[in-house]
Number of protein chains: 2
Amino acid sequence: MASMKDTIKSVAVDLFFRKGYYATSISDIARGCGIQKASIYYHFPGKEELLFSIMQSTMQDLLSSLENHLADASDIEGRMRAAIRSHVSFHLNRQKETFIATSELRGLTEDHLSVIVARRDDYERIFQELIRQGVDQGVYENCDMKILSYAILTLCTAGAFWFRPDGRLSVDEIADIYEKFVLNGLMAAQASRAFQQSPAEFATRT
Amino acid sequence: MASMKDTIKSVAVDLFFRKGYYATSISDIARGCGIQKASIYYHFPGKEELLFSIMQSTMQDLLSSLENHLADASDIEGRMRAAIRSHVSFHLNRQKETFIATSELRGLTEDHLSVIVARRDDYERIFQELIRQGVDQGVYENCDMKILSYAILTLCTAGAFWFRPDGRLSVDEIADIYEKFVLNGLMAAQASRAFQQSPAEFATRT
DNA sequence: GTCTATAATAAGATAGAC
DNA sequence: GTCTATCTTATTATAGAC
């Protein structure tokens, strides 16, 4: 049974996703909950705190999901695959929240923004570390880790912008496509270079 | 010599980029231009029309840039490279406008939104056509064209979100990284598959 | 914990003089 | 083409009763 505080949060998620943070008023949220707008302020100090609360629990769960997925994988390729699958499926399964967390950072106060950005940086660092390990082990081509980690994450994050739960492709199918594209992208040059250097040795690895 | 209309537009671009569309008031823009806020309304019917004007000229120039870059390339790989370079360099060189055009769609009325989205769809279709031609000619692996075109475009568009003109990497260096990652991503599976099927023939193509 | 009523503020936009 | 002055409206947030 959901508390009113949870109801408010969930109605806010729905409205922020559909209309945007600025276009959603406290009255809109109250109407969605079936209460008066003044009652919102009993549960949250203000509109911005409500946004912050949404973003914080989203980032928390995003990080947990990544840790859970990584726990099941051991070698570097498996770990990268697990990380991408976690990232993609979280962003599609919790589309509304991830959409908000990505697109409404402008709505946060400076203090709250720095908390969320710090969490996001922690999250990105895990991906950068995965790329670095892959490069160290010679599985991926040497590359600019920061730029590529942004590229990989953004690419999958964008799913939250166009995904339709009742659309042509399921979450798993989309995760497959992204997983393949990113892994290919990271490994391709390595593969072709290895082939050029030593086709025989390359063949044993394929 | 810039007209006041151009000045207003350029000040608005700067403020929308730095503070966001909703957080920027007509008064802010007027102050940036050194005029009174009522004077803005002589040049633009309202704040939303100003945003629309910025987005429309940005999309126009984005499309022109792509056409110019494509005119110089002939084969499919060269055309894809040219398209990616055009996309990346435009988004970094005109960072403020492309950032706004990407992140402030929520600020448009329904009518204006549909105009911009239609232009964006035209633009995306050119990339989808490039991918399709590459697949037809066997240069790229068969793939989901819509999803991959979103992936490629978003990945590069995201540059406008983190790029620093005075940062570590130049526009050209970033374009190089993206060009390589995307091309590798599109061709990788094809390359390794070709090698598995016929290593000798593959070698002649490398 | 929710209500009614209202304060406080700020924004987009217009009227009309110069 | 720009100004001063003002209108209109909407929003966040608070006070205080129940």
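In what follows, chains carry the letters A, B, and so on, assigned in the order in which the sequence lines appear, proteins first and then strands, with residues in each chain numbered from 1.
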Requested in this report: Starting from Watson-Crick (N1-N3 plus N6-O4 or O6-N4) and G-U wobble pairs under 3.5 Å, report the runs of at least three that DNA chain C belongs to.
Outcome: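 The stems are C:1-18 with D:1-18.
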
Send over the distance from [X] [atom1] to [N] [atom2], rounded to a whole Å.
X	N	atom1	atom2	answer
Asp28(A)	dA13(D)	CG	P	14 Å
Arg31(A)	dT2(C)	CZ	P	18 Å
Lys5(A)	dG1(C)	NZ	C1'	14 Å
Gln36(B)	dT4(D)	CD	P	5 Å
Ile40(A)	dT4(C)	CD1	C1'	16 Å
His43(A)	dC3(C)	NE2	C1'	12 Å

Tell me, do [X] and [Y] make a side-chain contact under 4.5 Å, heavy atoms counted?
X	Y	value
Ile174(A)	Phe163(A)	yes
Cys143(A)	Phe181(B)	no
Leu113(B)	Phe52(B)	no

Query raised in the report: Listed in order of residue number, which residues of residues 15-24 of chain A have a non-hydrogen atom at under 4.0 Å from DNA chain C?
Result: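 Those residues: none at all.
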
Query raised in the report: According to a strict under-4.0 Å criterion, is Ser39(B) in side-chain N/O contact with OP1 or OP2 of dC3(D)?
Result: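 Checking Ser39(B) against dC3(D): at least one side-chain N or O falls below 4.0 Å of OP1 or OP2.
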
Query raised in the report: Between Tyr42(A) and dG1(C), is there a side-chain N or O to OP1/OP2 distance below 4.0 Å?
Result: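 Result: yes.
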
Query raised in the report: Should we say atom NZ of Lys146(A) is surrounded by more than 12 heavy atoms from elsewhere, each under 6.0 Å from it?
Result: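 No, the 6.0 Å shell around NZ holds no more than 12 heavy atoms from other groups.
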
Query - From dT2(D), dT12(D), dT2(C), nucleotide with atom closest to Ser25(A) side chain - result: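 That would be dT12(D).
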
Query raised in the report: Are the charged groups of Arg18(A) and Asp14(A) less than 4.0 angstrom apart, N to O?
Result: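 Between Asp14(A) and Arg18(A) there is a salt bridge, with a charged N closer than 4.0 Å to a carboxylate O.
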
Query raised in the report: Where along nucleotides 13-18 of chain C does protein come under 4.0 Å, by heavy atom, of base (B) or sugar-phosphate alone (S), with - for untouched nucleotides?
Result: BBB---

Cation over ring, [X] on [Y], under 6.0 Å and within 45°?
X	Y	result
Lys96(A)	Phe16(A)	no
Lys9(A)	Phe44(A)	no
Lys47(A)	Tyr41(A)	no

Query raised in the report: Are His87(B) and Tyr178(B) an aromatic pair by the rule of ring centers under 6.0 Å?
Result: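 No - the distance between ring centres of His87(B) and Tyr178(B) does not fall below the 6.0 Å cut-off.
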
Query raised in the report: Is the ring centre of Phe99(B) less than 6.0 Å from the ring centre of His91(B)?
Result: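 Aromatic pair excluded; centres sit 6.0 Å or further apart.
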
Query raised in the report: Which heavy-atom pair separates Ala160(A) from Thr98(A) by the least distance, and what is that distance?
Result: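 Shortest heavy-atom separation between Ala160(A) and Thr98(A) comes out as CB-OG1, 3.6 Å.
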
